[in-house]
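Presented below is the structure to which this report refers.
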Amino acid sequence: MTKIDKNLFKVLKERGLLYQCTDEEALQKMLEGDKPIALYEGTDPTMDSLHIGHCVPFCILRRFQKAGHRVVLLMGGATSSIGDPSGKTELRKMLSKEDIENNIEKIKNSLKVFLDFDGENPAIIVNNADWFKNLTYIDFMREVGVHFNVNKMMSNEIYANRIREGGLTFFEMGYMPMQAYDFVHLNAEYGCSLEWGGADQWGNIVAGVELARKLNFIDNKNRQMIGATNPLLLTPEGKKMGKTEKGAIWIDRDKISAYDFYQGVYQTPDACVEMMYALFTDIAMDEVRAMIKEDIVKAKKKLCYEITKFVRGEDDAIKAQQMSENLFTQGGNDAPEFEISVAELGDGIGICDLLANTKLCSSKSDARRMIEGGAIAMNGKKVTSFALVVKKDDFKDNSILLKKGKKNFIKVVLK
């Protein structure tokens with residue numbers, strides 16, 4: 001039998017990973033007890049991979065599994081057919097059943113980074129399409145829908161943006177009852193007494209706990225169900241972490257190089273560094289705060305190495321670290337490459353066009369702002385005019401090195 005680590009609740013609190021809870025006292029009692037609990041987290045497979053922002057709950061589920069508790073991962077094959085309206089201003093794109101099934105299979109591989117699916121205490125994956133396919137619309141509305149007050153649902157933050165835009169559909173209103181029913185079903189089938197998720201899922205999670213309480217009065221069962229969330233990993237602008245100006249920091253190694261993954265983490269806003277350490281490492285938080293206070297740049301470099309090592313392995317972490325250091329000290333021989341043909345270059349290409357094409361800048365207007373701010377260099381020399389035209393003579397050994405700020409480089413190769 002797996003030994004239970006009774007310090008888990010203390011660790012979650014010390015690392016700031018427990019944000020909201022429907023019954024914190026009961027949760028503490030459960031986690032400090034002698035018996036393992038079963039918990040689950042739900043993910044709608046709307047994409048075929050996960051980026052680092054998606055993985056916050058999985059980092060926490062990993063701690064539960066290591067502490068001896070049973071982890072159930074719910075793939076929303078049914079709920080993703082609707083799409084979670086939380087924080088959205090428009091109706092989500094509806095996916096086909098084939099797309100959903102394909103996404104689930106691919107996401108499973110990413111999840112292996114965080115959880116053990118073998119051994120003495122394996123995590124399991126379930127799909128809510130398996131139980132919703134057996135429920136008729138009338139049965140679901142009679143058994144579940146009857147317990148949901150429309151006025152209360154409309155006041156929930158989950159639907160706030162859609163209501164403000166005047167576009168909330170009846171279709172989307174079905175999402176909360178379905179997710180609530182998931183909790184009741186998983187409690188009955190797998191003994192799940194805890195649902196975990198990001199803070200943006202609080203309304204849906206609470207709905208599941210409240211549904212269980214109402215059902216307890218009807219069938220005299222004693223369902224013990226608790227909901228809890230972790231804080232969201234947000235940028236100072238209030239946006240979810242996981243993407244940079246160059247794109248998403250994908251977990252799937254086929255979607256991103258070790259170098260780009262490492263550099264994506266390095267672009268983490270200073271305000272997010274402590275939370276990233278709390279999630280992806282086991283370094284004591286007092287030590288983390290001391291590192292950040294002493295030298296934030298050094299702390300971020302260590303964070304890049306630790307997260308790259310955790311997600312991609314030590315070899316990739318070492319390689320990415322060496323490439324990054326080389327960019328700073330040796331002129332960027334290992335920078336990511338962008339190819340441009342002689343025909344595309346023609347008589348020359350405007351520097352703003354080139355910066356936008358390489359994605360070093362998000363747009364031509366962004367490139368212009370960066371140049372005006374003195375943030376762009378070409379072959380080691382600061383670019384002072386956004387009217388600069390890059391010509392064939394500027395390519396040394398058929399390449400030029402573009403640099404933005406101190407962090408971002410790209411080698412433009414003439415083919």
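Below, all heavy atoms of this structure are taken into account, side chains as well, without hydrogens, waters or symmetry copies.
- Glu287 contributes no side-chain N or O that, together with a main-chain N or O of Ala284, makes up a donor-acceptor pair within less than 3.5 Å.
- Ring centers of Phe64 and Trp196: under 6.0 Å apart, within the cut-off.
- With hydrogens and angles ignored, the 3.5 Å screen pairs a side-chain donor or acceptor of Asn149 with a backbone N or O of Lys152.
- Atom OH of Tyr19 is surrounded by 12 or fewer heavy atoms from other residues, nucleotides or ligands within 6.0 Å.
- Residues Leu50 and Leu111 form a side-chain contact, since some pair of their non-hydrogen atoms from C-beta on lies under 4.5 Å apart.
- Looking at Thr308, Asp315, Asp316 one by one, the single match for side-chain hydrogen bond (donor to acceptor under 3.5 Å, both in side chains) with Arg312 turns out to be Asp316.
- Counting heavy atoms of neighbouring residues, nucleotides and ligands inside a 6.0 Å radius, atom NZ of Lys319 does not exceed 12 of them.
- For Lys214, the NZ atom counts as densely surrounded, since its 6.0 Å shell holds more than 12 non-hydrogen atoms of other residues, nucleotides or ligands.
- In this structure, Arg62 forms no cation-pi arrangement with Phe114, as its terminal cationic atom is not both closer than 6.0 Å to the ring centre and no more than 45° off the ring axis.
- Residues satisfying the side-chain contact (heavy atoms from CB on, under 4.5 Å) test with Val209, not counting sequence neighbours, are Thr22, Phe183, Arg213.
- In this structure, Lys300 is positioned above the aromatic face of Tyr266, its NZ or CZ under 6.0 Å from the six-membered ring centre and within 45° of the axis.
- With a 4.5 Å cut-off on side-chain heavy atoms, Ile52 and Phe280 count as touching.
- Tyr277 is linked by a ring-ring contact (aromatic ring centres under 6.0 Å, His included) to nothing, counting only residues two or more places apart in sequence or in another chain.
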